[in-house]
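Presented below is the structure to which this report refers.
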Amino acid sequence: MSKLEYYRDSKHGLDQRKIRDQSTKLRVISGKFKGQRLASPGVSETHPMGAREKIALFNMVEVADKSVLDVFAGSGALGIEALSRGAMDVVFVENAASAVRAIRHNLISLAEHDSEIMAKTRIYMQKMANFIQEFAGEREFGVILADPPYDKINPRELQELVKLMARGGVLMLSSPAKEEPLELVGAKLRTSRVYAAARLTIYER
């Protein structure tokens, strides 16, 4: 079994000292939570997506009323942005304990503005490959958001994400701008655009 965690209050071992509040840098950019500050885990393994790239991403991908999967979730900023824009529910998958604490912190903070947010979210503290192995064939998502550390991109692991795509669903992959888009069997490349050092590629099934 995976380490599934339901965060409904602040009594879950949240260590505030281990969370860096980068309030001037990390905020929700649109939707019901627009302007809300988000905590960052402040570790080198995560790299929050810039505002310009985030705006471009959500202009290309419709998340309203969709089940969303945020893998390599980091602070949870992309999944939270999806919630802010009307996603039906969001699953966060992240392996780093410090990042999971940041996601938890952010959801608890947002619960002050939306009492239903805990019912709409789940956090899995595990590697993406293990999550896929556990849920392939059992769970599908209308939108998958994947922003892996650029020095740890594994094409074979990313190929496995296709198993979690619903029919008509989309997968967004953020990767280095200098690299060509990956080809994923079973998913059609819809568009690939470069923003500064990032390439945002959208696949559909």
Side-chain angles (χ1 to χ4, degrees), residues 1-7 38-49 53-54 57-58 61 63 66-83 87-107 120-167 169-176 179 181-190 192 198-205:
M1 282 294 293
S2 63
K3 195 170 183 179
L4 172 60
E5 303 186 22
Y6 297 79
Y7 299 117
L38 299 177
S40 168
V43 294
S44 60
E45 288 80 4
T46 65
H47 62 121
M49 183 177 288
E53 294 90 336
K54 200 182 296 182
L57 160 60
F58 286 99
V61 177
V63 296
K66 302 288 180 63
S67 288
V68 176
L69 173 63
D70 183 1
V71 294
F72 308 102
S75 65
L78 293 184
I80 288 170
E81 192 71 37
L83 284 168
M88 181 170 61
D89 55 69
V90 176
V91 171
F92 300 89
V93 178
E94 173 57 58
N95 191 48
S98 58
V100 168
R101 285 192 292 269
I103 298 170
R104 179 193 307 165
H105 171 90
N106 289 331
L107 294 180
K120 298 177 182 178
T121 56
R122 300 288 184 268
I123 304 173
Y124 288 77
M125 195 174 91
Q126 63 183 153
K127 292 182 178 180
M128 184 187 74
N130 294 338
F131 178 85
I132 295 171
Q133 184 177 18
E134 183 171 349
F135 287 98
E138 295 184 14
R139 182 77 194 268
E140 293 181 332
F141 297 88
V143 175
I144 299 177
L145 306 171
D147 186 15
Y150 285 176
D151 61 343
K152 296 181 180 180
I153 290 179
N154 184 326
R156 283 187 291 184
E157 282 192 356
L158 293 171
Q159 172 63 56
E160 294 297 293
L161 276 174
V162 175
K163 296 178 179 179
L164 298 179
M165 294 175 70
R167 288 291 176 186
V170 299
L171 162 64
M172 184 290 301
L173 172 63
S174 176
S175 60
E179 297 182 6
L182 292 176
E183 292 188 12
L184 300 179
V185 177
K188 179 183 178 181
L189 195 157
R190 188 171 82 188
S192 186
R199 176 182 293 279
L200 301 183
T201 304
I202 309 297
Y203 303 87
E204 57 188 6
R205 188 175 184 189

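Treat the numbers as computed from the prediction; the structure is a model and nothing was measured.
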Taking it one step at a time, do R139 and L69 satisfy side-chain contact (heavy atoms from CB on, under 4.5 Å)?
CA-CA 10 Å; R139 182 77 194 268; L69 173 63; over 6 Å; no

Go through it in stages, so that I can follow the logic: the residues are L182 and T201, the test is side-chain contact (heavy atoms from CB on, under 4.5 Å), and I'd like the CA-CA distance, side-chain angles, deciding distance and then a yes or no.
CA-CA 9 Å; L182 292 176; T201 304; over 6 Å; no

Walk me through it: do E157 and K127 pass the test side-chain contact (heavy atoms from CB on, under 4.5 Å)?
CA-CA 10 Å; E157 282 192 356; K127 292 182 178 180; over 6 Å; no

Going through the checks in order, is the side-chain contact (heavy atoms from CB on, under 4.5 Å) test met by K54 and L78?
CA-CA 8 Å; K54 200 182 296 182; L78 293 184; 4.1 Å; yes

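Atom CD1 of I202 sits about 8.5 Å away from atom OG of S192, to the nearest 0.5 Å. Taking CG from N154 and CD from E160, the interatomic distance works out to 10.0 Å, rounded to the nearest 0.5 Å. Put simply, CE on M125 and CG on N95 are 7.0 Å apart, with the number rounded to the nearest 0.5 Å. Atom-to-atom distance recorded for I103:CD1 and T121:OG1 is 10.0 Å, nearest 0.5 angstrom. Between the CD atom of E81 and the CG atom of L145 there is a distance of 10.5 Å, given to the nearest 0.5 Å. The distance from atom CD1 of I153 to atom OG of S174, rounded to the nearest 0.5 Å, is 7.5 Å.
In terms of heavy atoms, F92 sits closest to G76 at CE2-O, 3.5 Å. For E94 against G74, the heavy-atom pair with the smallest separation is OE1-N, 2.8 Å. Heavy-atom minimum distance, V90 versus G79: CG2-O, 3.6 Å. In plain terms, the two heavy atoms of P176 and R199 that are nearest each other are O-CB, 3.8 Å. Taking each heavy atom of A146 and L161 in turn, the nearest pair found is CB-CD1, 4.1 Å. Between F72 and D147, the shortest heavy-atom distance links the atoms CB-O, 3.6 Å.
Between V91 and S67 there is no side-chain heavy-atom pair separated by less than 4.5 Å. Contact check for N130 versus E134: no side-chain heavy atoms found under the 4.5 Å cut-off. Counting only heavy atoms from C-beta outward, the side chains of M172 and V143 never approach each other to under 4.5 Å. For the pair K66 and V170, the minimum side-chain heavy-atom distance is 4.5 Å or more. Counting only heavy atoms from C-beta outward, the side chains of L184 and L173 never approach each other to under 4.5 Å.
Relative ring orientation between Y124 and F131 is described as perpendicular, the plane-to-plane angle rising above 60° on a 0-90° scale split at 30° and 60°.
Proximity of a side-chain donor or acceptor of N106 to a complementary backbone N or O of S75 within less than 3.5 Å is detected. For Y203 (side chain) and V162 (main-chain N/O), no donor-acceptor pair under 3.5 Å exists by modelled atom type.
By the neighbour-count criterion of 12 heavy atoms within 6.0 Å, atom CD of E183 is sparsely surrounded, having that number or fewer from other residues, nucleotides or ligands.
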